[in-house]
Amino acid sequence: MTAKPMSASMAKAKKSMLEAIYPELAVSSISRVDQRAFFFTQIRSLLPPNADVLDFGAGRDKWATLEVGYKHRLTHLKGDCKRLVACDVDQGVLENTASDEQIVFDPNQPLPFADASFDLVYSWAVLEHIEHPDRTFAEIHRILKPNGWYCAWTPNRFGYFAVAAQIIPESLHAVVLKKVAAIGASDSRQTKDVFPTFYRANTYNSIAKLSRGLFENNSFYMVGPPAYHAGSKLLARTIDCYNRFVPMFLKPYLMVFLRKR
């Protein structure tokens, strides 16, 4: 069973509500705190000519239908690098048309790539699902070329919605997501795209520990637009205010930028 798609009226109301907080959304689909736009701007700045790129944990590319215009061009790298490979433990990656190659891999085995295969590896909303991050980081280091980059966006373990996700039993995640999506909150995932979470590589300190001896660590915390606000303008403004003023280690998102030593 999947979450019902947001109706046109609900989508319009959501956009209008967010425009009240971020008026620049009336100009484009990108707000001043748009973490995806920022993330892919950074990635594009790191890409060498004719780059080999791996989308690690790519999934089915739900963003293909969620992002349009300039933002879609910004966040989709196919055609702007020599080779874009999408890999995932889930068979859904075989539906990913935003890549040149699609590969399903076994998380209990080494990644199916030769040493020094990629100039850049990136992940979006993947690290929270990694059960053995030490093994994963070692494998990413192995398949990166010298001075190659691993870039990742992930929820901060101590951010407000990651804390909520850790409190709610794993068996209820899909049910809660369905109810949240049905009332027009900002999460657009289908329940078939909900996977177990571990949050073992989701703080700056954990990234620093995992990258020691392997990578130069350039990671940092970041705010973003309010998520899981259930269509409430008051709740969205409250979350936005909270995100702005909490200490850095409580910011909702972690941007991971690691360069291979």
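Residue indices begin at 1 and follow the sequence shown.
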Practice task
Measure the spacing between CD of Q102 and CG of L84 and express it to the nearest 0.5 Å.
Solution key: 9.0 Å
Practice task
Check for a donor-acceptor pair, side chain of R261 on one end and backbone N or O of F215 on the other, with a separation under 3.5 Å.
Solution key: yes
Practice task
Taking S28 for its side chain and I30 for its backbone only, find out whether a donor-acceptor pair lies under 3.5 Å.
Solution key: yes
Fill in the blank from the handout: N156 meets the side-chain hydrogen bond (donor to acceptor under 3.5 Å, both in side chains) criterion, sequence neighbours left out, with none
Completion exercise
Rounded to the nearest 0.5 Å, the OG atom of S99 sits from the CG atom of L54 at a distance of 10.0 Å
Exercise for the section: Rounded to the nearest 0.5 Å, what's the gap from OG on S29 to CG on L66? Could you check? Expected result: 11.5 Å
Problem - Set of residues satisfying side-chain hydrogen bond (donor to acceptor under 3.5 Å, both in side chains) with respect to D115, sequence neighbours excluded - result: R142
Problem - Taking every non-hydrogen atom, the tightest pair across S31 and L25 - result: N-CD2, 3.7 Å
Problem - D134 side chain near L210 side chain, heavy-atom distance below 4.5 Å - result: yes
Problem - SB check E67 R36 (cutoff 4.0 Å) - result: yes
Handout entry: Side-chain touch P133/I130, heavy atoms, less than 4.5 angstrom
Key = yes
Exercise for the section: Decide yes or no for Y253 and V223: does some side-chain heavy atom of the first lie under 4.5 Å from some side-chain heavy atom of the second? Expected result: no
Exercise for the section: Check whether any side-chain N or O of D61 sits under 3.5 Å from a backbone N or O of N96 as a donor-acceptor pair, and report yes or no. Expected result: no
Problem - Of all pairs that satisfy salt bridge (Lys or Arg N to Asp or Glu O under 4.0 Å), the ones with a partner from residues 225-247, not counting sequence neighbours - result: D240-R244
Problem - Single hit among W153, F40, Y150, W149 for ring-ring contact (aromatic ring centres under 6.0 Å, His included) with Y122 - result: F40
Problem - Listed partners of R200 passing salt bridge (charged side-chain N to carboxylate O under 4.0 Å, His left out), at least two apart - result: none
Practice task
Ignoring hydrogens and angles, tell me if any N or O in the side chain of Y242 forms a donor-acceptor pair with the backbone of Y160 under 3.5 Å.
Solution key: no
Exercise for the section: Check step by step if side-chain hydrogen bond (donor to acceptor under 3.5 Å, both in side chains) holds for T154 and E128. Expected result: CA-CA 7 Å; T154 191; E128 65 270 27; 2.7 Å; yes
Problem - L144 and V121, any side-chain heavy atoms less than 4.5 Å apart - result: yes
Handout entry: Main-chain N/O of H141 paired with K260 side-chain donor or acceptor, under 3.5 Å
Key = yes
Problem - Pairs satisfying ring-ring contact (aromatic ring centres under 6.0 Å, His included), at least one member in residues 73-110, at least two apart - result: F56-F105, H72-H76
Handout entry: Nearest heavy atoms of F257 and C151, plus distance in Å
Key = CD2-SG, 3.6 Å
Exercise for the section: Verify, without hydrogens or angle tests, whether E216 (side chain) and R259 (backbone) share a donor-acceptor contact under 3.5 angstrom. Expected result: no
Completion exercise
In short, salt bridge (Lys or Arg N to Asp or Glu O under 4.0 Å) pairs touching residues 203-215 with sequence neighbours left out are none
Exercise for the section: Could you list the residues that satisfy salt bridge (charged side-chain N to carboxylate O under 4.0 Å, His left out) with D80, not counting sequence neighbours? Expected result: R44
Exercise for the section: For N217 and L258, indicate whether the former's side chain and the latter's backbone hold a donor-acceptor pair under 3.5 Å. Expected result: no
Handout entry: For S123 against F39, the heavy-atom pair lying closest together
Key = O-CZ, 3.7 Å
Handout entry: Salt-bridge present (D88, R60; N to O < 4.0 Å)
Key = no
Problem - Gap between atom CD of E139 and atom CZ of F137 - 0.5 Å precision - result: 13.0 Å
Practice task
Answer yes or no: does atom OH of Y70 have more than 12 heavy-atom neighbours from other residues, nucleotides or ligands under 6.0 Å?
Solution key: no
Practice task
Would you mind reporting whether I21 and P225 have side-chain heavy atoms less than 4.5 Å apart?
Solution key: no
Problem - Qualifying salt bridge (Lys or Arg N to Asp or Glu O under 4.0 Å) pairs with a residue from residues 100-109, counting only residues at least two apart or across chains - result: R83-E101
Handout entry: A201 versus I207, closest heavy-atom pair with distance
Key = O-CD1, 3.5 Å
Practice task
Could you tell me whether the side chain of Y204 reaches within less than 4.5 Å of the side chain of Y221, counting heavy atoms only?
Solution key: yes
Completion exercise
Residue pairs passing the salt bridge (Lys or Arg N to Asp or Glu O under 4.0 Å) test with at least one member in residues 20-32, sequence neighbours excluded, are E24-R32
Problem - Backbone of G159 reached by a side-chain donor or acceptor of K251 within 3.5 Å - result: no
Completion exercise
The remaining residues in the hydrophobic cluster of V104, counting side-chain heavy-atom contacts under 4.5 Å among Ile, Leu, Val, Met, Phe, Trp and Tyr, are V93, L94
Completion exercise
Distance col, row I43:CD1 vs C81:SG, nearest 0.5 angstrom, shows 10.5 Å
Problem - Flag, side chain of S117 to backbone of F113, donor-acceptor distance under 3.5 Å - result: no
Completion exercise
Closest non-hydrogen contact found for R157 with T203 is CB-CG2, 3.8 Å
Problem - By side-chain hydrogen bond (donor to acceptor under 3.5 Å, both in side chains) - contacts of K71 (at least two apart) - result: D34
Problem - Any M222 side-chain heavy atom under 4.5 Å of F38 side chain - result: yes
Fill in the blank from the handout: salt bridge (charged side-chain N to carboxylate O under 4.0 Å, His left out) filter on D55, not counting sequence neighbours, yields none
Handout entry: L74-M255 co-clustered via ILVMFWY side chain contacts under 4.5 Å
Key = yes
Handout entry: Separation between CD1 of I140 and OG of S211, rounded to the nearest 0.5 Å
Key = 12.0 Å
Handout entry: Derivation of the side-chain contact (heavy atoms from CB on, under 4.5 Å) call for V53 and V85
Key = CA-CA 6 Å; V53 179; V85 180; over 6 Å; no
Exercise for the section: Check N202 against P155 and note the closest heavy-atom contact, atom names and distance. Expected result: ND2-O, 2.9 Å
